[in-house]
Amino acid sequence: MEVCVDNLESALNAADGGATSLELCSSLATGGTTPTLGFLKCVKQKVPSNVTVHVLIRCRDGDFLYTSDEIEIMVNDVQSLVDGGADGIVIGCLDEHAHVNIEQCQKLIQTAKNVARGRVINI
C-alpha cells in the first residue's frame with residue numbers, strides 16, 4: 001500500500017500502519033508539489049528500509065501543462081532527489097490538448113535513470 005504524505009509525522013504513522021511505499025509531497029492541500037531534499041533524507045533515515053520512498057515531481061500547483069523553464073526546474077529536482085536517495089519519482093506532464101506530453105515525461109525519466117547510475121528507480 002502506498003500513502004501520500006507531506007510531513008514527517010504522517011510518514012512515520014503510515015510506515016507504522018503498514019504502508020510499504022510512501023509518496024512524499026509538499027502542500028497536499030493544493031494538490032501536491034515537490035518535497036524538499038531535507039524532508040526526503042529525514043524520512044529515509046527514520047522509516048524502515050523495506051519502505052520505498054517516491055517523490056512527487058511537480059514545481060507548482062495548478063495544471064500539468066509545463067513550460068520549458070518549469071521542466072528545467074523539475075529536471076534539477078529529479079537530479080537532487082534521486083541523488084539524495086529517492087527510490088522513485090512520480091510525474092505527470094500534459095500537452096495543450098490534455099494528452100500525456102511524452103517528450104517532457106521522457107526527459108524527466110531519463111534524468112532519473114542517469115542520476116541513479118544503475119540503481120533501480122521506480123517511475
Side-chain angles (χ1 to χ4, degrees):
M1 166 178 55
E2 182 171 83
V3 178
C4 293
V5 297
D6 65 357
N7 62 68
L8 182 59
E9 182 180 9
S10 293
L12 296 174
N13 287 339
D16 287 344
T20 57
S21 182
L22 301 174
E23 180 182 327
L24 299 189
C25 308
S26 290
S27 304
L28 272 176
T30 63
T33 56
T34 303
T36 66
L37 179 59
F39 180 33
L40 169 65
K41 287 185 173 190
C42 191
V43 168
K44 291 288 287 186
Q45 290 173 350
K46 295 185 180 287
V47 299
S49 60
N50 65 318
V51 176
T52 59
V53 181
H54 303 112
V55 292
L56 176 65
I57 302 298
R58 188 173 182 215
C59 63
R60 59 163 171 78
D61 61 0
D63 62 30
F64 295 88
L65 182 64
Y66 297 111
T67 66
S68 59
D69 289 335
E70 289 172 325
I71 291 297
E72 287 307 311
I73 291 168
M74 294 191 291
V75 162
N76 287 319
D77 286 339
V78 168
Q79 290 171 336
S80 63
L81 291 164
V82 170
D83 192 49
D87 298 306
I89 61 171
V90 179
I91 60 170
C93 304
L94 299 177
D95 65 18
E96 60 276 0
H97 304 292
H99 298 117
V100 173
N101 188 320
I102 294 171
E103 182 181 325
Q104 289 181 338
C105 288
Q106 284 177 333
K107 186 170 187 172
L108 297 172
I109 291 166
Q110 192 57 54
T111 299
K113 289 179 178 180
N114 290 346
V115 174
R117 295 178 212 88
R119 184 169 54 99
V120 174
I121 293 293
N122 299 309
I123 300 174

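The first residue of the sequence shown is numbered 1, and numbering continues consecutively from there.
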Would [X] end up clustered with [Y] when hydrophobic side chains under 4.5 Å apart are linked, directly or stepwise?
{"X": "I73", "Y": "L108", "value": "no"}
{"X": "V120", "Y": "V115", "value": "no"}
{"X": "V3", "Y": "L28", "value": "no"}

Considering all heavy atoms of both residues, which atom of [X] and which atom of [Y] are nearest to each other, and what is their separation?
{"X": "L22", "Y": "A14", "result": "CD2-CB, 3.6 Å"}
{"X": "V43", "Y": "A11", "result": "CG2-CB, 4.0 Å"}
{"X": "E70", "Y": "C59", "result": "CB-SG, 3.7 Å"}
{"X": "S26", "Y": "P35", "result": "OG-CA, 3.3 Å"}
{"X": "T111", "Y": "Q79", "result": "CG2-CG, 3.5 Å"}
{"X": "G92", "Y": "F64", "result": "O-CD2, 3.4 Å"}

Nearest 0.5 Å, what's the [atom1]-[atom2] distance between [X] and [Y]?
{"X": "I71", "Y": "I91", "atom1": "CD1", "atom2": "CD1", "value": "8.5 Å"}
{"X": "C105", "Y": "D95", "atom1": "SG", "atom2": "CG", "value": "10.0 Å"}
{"X": "L8", "Y": "L24", "atom1": "CG", "atom2": "CG", "value": "9.5 Å"}

* To do: Return each pair, listed once, that meets side-chain hydrogen bond (donor to acceptor under 3.5 Å, both in side chains) where at least one residue sits in residues 27-37; pairs must be two or more places apart or across chains.
  =>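 Non-adjacent pairs meeting side-chain hydrogen bond (donor to acceptor under 3.5 Å, both in side chains): zero.
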* Asked: What pairs meet the side-chain hydrogen bond (donor to acceptor under 3.5 Å, both in side chains) rule with one or both residues in residues 44-58, with sequence neighbours excluded?
  ->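 Every pair satisfying side-chain hydrogen bond (donor to acceptor under 3.5 Å, both in side chains) with a residue in residues 44-58: E2-H54, S21-T52, S21-H54, K44-D87, H54-N122.
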* Parallel, tilted or perpendicular: which describes the rings of H99 and H97, with under 30° parallel and over 60° perpendicular? ->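 Aromatic pair H99/H97 classed tilted.
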* Step by step, would you call I89 with V82 a side chain to side chain contact (heavy atoms under 4.5 Å, CB included)? -> CA-CA 8 Å; I89 61 171; V82 170; 3.9 Å; yes
* To do: Please name all residues satisfying salt bridge (charged side-chain N to carboxylate O under 4.0 Å, His left out) with D63, sequence neighbours left out, ordered by chain then number.
  =>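 Salt bridge (charged side-chain N to carboxylate O under 4.0 Å, His left out) check on D63 returns R60.
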* **Basic-acidic side-chain contact under 4.0 Å: D83, R119** =>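 Salt bridge absent between D83 and R119.
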* To do: Applying side-chain hydrogen bond (donor to acceptor under 3.5 Å, both in side chains), name anything that partners N101, two or more places apart in sequence or on another chain.
  =>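 So N101 forms a side-chain hydrogen bond (donor to acceptor under 3.5 Å, both in side chains) with Q104.
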* Asked: Heavy-atom distance under 4.5 Å between the side chains of L81 and L37, does that happen here?
  ->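 L81 reaches L37 side chain to side chain.
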* Residue pair E72 / N76, side-chain donor-acceptor N/O under 3.5 Å ->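 No, no side-chain donor-acceptor pair sits under 3.5 Å.
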* Asked: In this structure, are over 12 heavy atoms from other groups packed under 6.0 Å from E96 atom CD?
  ->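 Above 12, so yes.
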* Asked: Using a side-chain heavy atom cutoff under 4.5 Å and only I, L, V, M, F, W and Y, what cluster partners does I102 have?
  ->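 Answer for I102: V100.
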* Cluster companions of V90 among Ile, Leu, Val, Met, Phe, Trp, Tyr (side-chain spacing under 4.5 Å) ->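 Under the 4.5 Å side-chain rule, V90 groups with L56.
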